[in-house]
Amino acid sequence: MNHRRGIRSLCRAALAVTAVSLSSSLLAADPVKIGFLVKQAEEPWFQTEWAFAEKASKDKGFELIKIAVPDGEKTLSAIDSLAANGAQGFVICPPDVSLGPAIMAKAKLNDLKVIAVDDRFVDANGKFMEDVPYLGMAAFEVGQKQGAAMAAEAKKRNWDWKDTYAVINTFNELDTGKKRTDGSVDALKKAGMPQDHILFSALKTLDVPGSMDSTNSALVKLPSAAKNLIIGGMNDNTVLGGVRATEAAGFKADNVIGIGINGTDAIGELKKPNSGFFGSMLPSPHIEGYKTAEMMYEWITTGKEPPKYTAMDEVTLITRENFKQELEKIGLWN
């Protein structure tokens, strides 16, 4: 009798092991699905991120689910949709960084992993949510490269620092913006520009009209000896507006060097044969799209959580000479 009970116990144990083994095999066979949510799907920047995230999906063997999320309602709905479709995580550039807490709550409810790209989540107090993995531009370092590029072009033109001044349009309320302009000024000073030749002007808005107003308020403070001008700002538009202000003030294009950051907002200006807007620091949406998708795949399949902050400082100076070729390389030319 005991012998029969022993056999039955062994059979039950064998069946249990088989069931666990079968369950594990089925789980292992489940396809990896990753969402990639962007705030402005029509923009070339995000089209490029998607294209290279798709390349990662082919290289690694997962399914990419692309969703446009132009507002908060669509963002939260998209997270539910991803969960219903069997996704295990998603990469997102949110339409509003203050949605961070709501996005994370919804993701947790649906057991989805999250990586933020381009724009970092902020909490209810406006502080960065540093516990959420994030990949984005290294603001200070990119600003340094912007400032170094402006100084290098001034040197190429044989400008003398004695009669060269810089107008830096600042927006210190935005941490990323402050770090970019701080980096730019750091590089200009290291290149030899005197501290008292650098004028700061606070922006009220981050657009061309706003930067025109900001630059105009600085131009009236320039000494009569000011012959050459460098225009800086946190992005293309804050520099474009500054260049427009110099034109209205009578400065010739050859006496102005403006270099923005982003590249995609400067294409129209770079198509012009001559302008004080010399170029822009073009980031790497192709690398960001591939890298974040790859990081999410590794997190899902191996449990390797991404760093809380992955800084991207790879930028290319685009000018009238090379902008078309550089944009074509990464699919941003149309």
Side-chain angles (χ1 to χ4, degrees), residues 43-48 137 141-161 163-169 180-181 183-185 187-188 191 193 206-212 214-215 219 226-288 312-334:
E43 288 292 324
W45 175 275
F46 295 112
Q47 291 286 335
T48 300
M137 268 200 286
E141 289 80 0
V142 170
Q144 283 182 311
K145 291 182 178 182
Q146 175 195 36
M150 294 190 288
E153 179 59 22
K155 183 179 179 181
K156 185 178 177 182
R157 298 184 189 185
N158 296 314
W159 286 6
D160 192 326
W161 288 131
D163 50 25
T164 300
Y165 286 74
V167 175
I168 309 297
N169 291 311
R180 288 185 188 180
T181 49
S184 188
V185 169
L188 286 172
M193 174 167 269
L206 293 172
D207 53 16
V208 171
S211 58
M212 284 184 68
S214 176
T215 303
L219 292 179
K227 177 183 175 184
N228 304 308
L229 286 180
I230 285 173
I231 305 295
M234 66 162 284
N235 59 21
D236 287 339
N237 285 334
T238 56
V239 175
L240 277 168
V243 170
R244 293 285 177 275
T246 66
E247 292 168 351
F251 283 87
K252 294 180 180 178
D254 289 344
N255 296 104
V256 177
I257 297 170
I259 294 180
I261 297 174
N262 282 348
T264 52
D265 294 323
I267 296 173
E269 190 71 10
L270 292 176
K271 287 179 179 177
K272 295 179 179 178
N274 195 27
S275 164
F277 189 92
F278 177 73
S280 180
M281 308 308 297
L282 176 70
S284 309
H286 56 306
I287 297 175
E288 295 184 16
M312 299 291 294
D313 64 354
E314 296 182 51
V315 288
T316 301
L317 173 62
I318 57 171
T319 65
R320 283 171 180 77
E321 280 67 43
N322 71 346
F323 78 100
K324 184 175 182 290
Q325 294 88 337
E326 292 298 330
L327 292 168
E328 280 178 339
K329 283 181 188 177
I330 57 175
L332 284 176
W333 178 260
N334 52 30

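Small disclaimer: the values here were computed from a predicted structure and weren't measured.
The two residues Asp313 and Val142 come nearest to each other via the heavy atoms CA-CG2, 4.1 Å. For the pair Lys329 and Glu326, the tightest heavy-atom approach, listed with the atom from each and the gap, is NZ-OE2, 3.1 Å. Of all non-hydrogen atoms in Ala154 and Trp161, the two that sit nearest each other are CB-CH2, 4.3 Å. The two residues Thr48 and Pro285 come nearest to each other via the heavy atoms CG2-CG, 4.0 Å. The minimum heavy-atom distance between Ala266 and Asp236, with the atom names listed, is N-OD2, 3.4 Å. When all heavy atoms are compared, the tightest approach of Ala253 to Gly276 is CB-N, 3.7 Å.
Expressed to the nearest 0.5 Å, how far CD1 of Ile330 lies from CH2 of Trp45 amounts to 7.5 Å. The distance from atom CD1 of Ile230 to atom CG of Leu188, rounded to the nearest 0.5 Å, is 5.5 Å. From Tyr165, atom OH reaches atom NZ of Lys227 across 13.5 Å, with rounding to the nearest 0.5 Å. Of the inter-residue distances, the one linking Glu314 atom CD with Leu282 atom CG reads 11.5 Å to the nearest 0.5 angstrom. Between Met150 atom CE and Ser184 atom OG the span is 3.5 Å, to the nearest 0.5 Å. Separating the CG atom in Leu229 from the OG1 atom in Thr164 is a distance of 8.5 Å, to the nearest 0.5 Å.
Counting non-hydrogen atoms of other residues, nucleotides and ligands closer than 6.0 Å to NZ of Lys156 gives a total of 12 or fewer.
The ring pair (Phe, Tyr, Trp, His ring centres under 6.0 Å) search around Phe277 returns none, not counting sequence neighbours. Under the salt bridge (charged side-chain N to carboxylate O under 4.0 Å, His left out) criterion, Glu43 pairs with no residue at all, not counting sequence neighbours.
Counting only N and O atoms by type, the side chains of Asn169 and Thr238 include no donor and acceptor under 3.5 Å apart.
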Q: Starting from the C-alpha separation in whole Å, work towards a yes-or-no answer on side chain to side chain contact (heavy atoms under 4.5 Å, CB included) for Val239 and Asn235.
A: CA-CA 7 Å; Val239 175; Asn235 59 21; over 6 Å; no

(Q) Quick one, Trp159 with Glu153, criterion side chain to side chain contact (heavy atoms under 4.5 Å, CB included). Give me CA distance, side-chain angles, the key distance, then yes/no. (A) CA-CA 9 Å; Trp159 286 6; Glu153 179 59 22; over 6 Å; no

Q) Passes side chain to side chain contact (heavy atoms under 4.5 Å, CB included), Leu317 versus Met281? Steps please. A) CA-CA 5 Å; Leu317 173 62; Met281 308 308 297; 3.8 Å; yes

Q: Determine, step by step, whether Ile261 and Arg180 satisfy the side chain to side chain contact (heavy atoms under 4.5 Å, CB included) criterion, reporting the C-alpha distance in whole Å, the side-chain angles of both residues, the deciding distance to 0.1 Å, and the verdict.
A: CA-CA 9 Å; Ile261 297 174; Arg180 288 185 188 180; 3.7 Å; yes

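Taking 4.5 Å as the limit, some side-chain heavy atom of Ser275 sits within range of a side-chain heavy atom of Arg320. Side-chain contact between Gln146 and Thr181 is absent, with no heavy-atom pair separated by less than 4.5 Å. Residues Met234 and Leu206 have side chains in contact (heavy-atom distance under 4.5 Å, counting atoms from C-beta outward). Looking at Asn228 and Val256, their side chains never come closer than 4.5 Å, going by heavy atoms from C-beta outward. Counting heavy atoms from C-beta outward, Ile259 and Ile257 have side chains that approach closer than 4.5 Å.
Between Glu141 and Lys145 no salt bridge is recorded (no basic side-chain N to carboxylate O distance below 4.0 Å).
Panel note: side chain Ser211, backbone Asp207; a donor-acceptor pair is recorded below 3.5 Å. With hydrogens and angles ignored, the 3.5 Å screen pairs no side-chain donor or acceptor of Asn262 with any backbone N or O of Asp265. Side chain of Thr215 to main chain of Met212: no donor-acceptor pair is present (N/O by atom type, distance under 3.5 Å, no hydrogens or angles).
Residue pairs that meet the salt bridge (Lys or Arg N to Asp or Glu O under 4.0 Å) test with at least one member in residues 239-256, sequence neighbours left out, are Arg244-Glu247, Arg244-Glu269.
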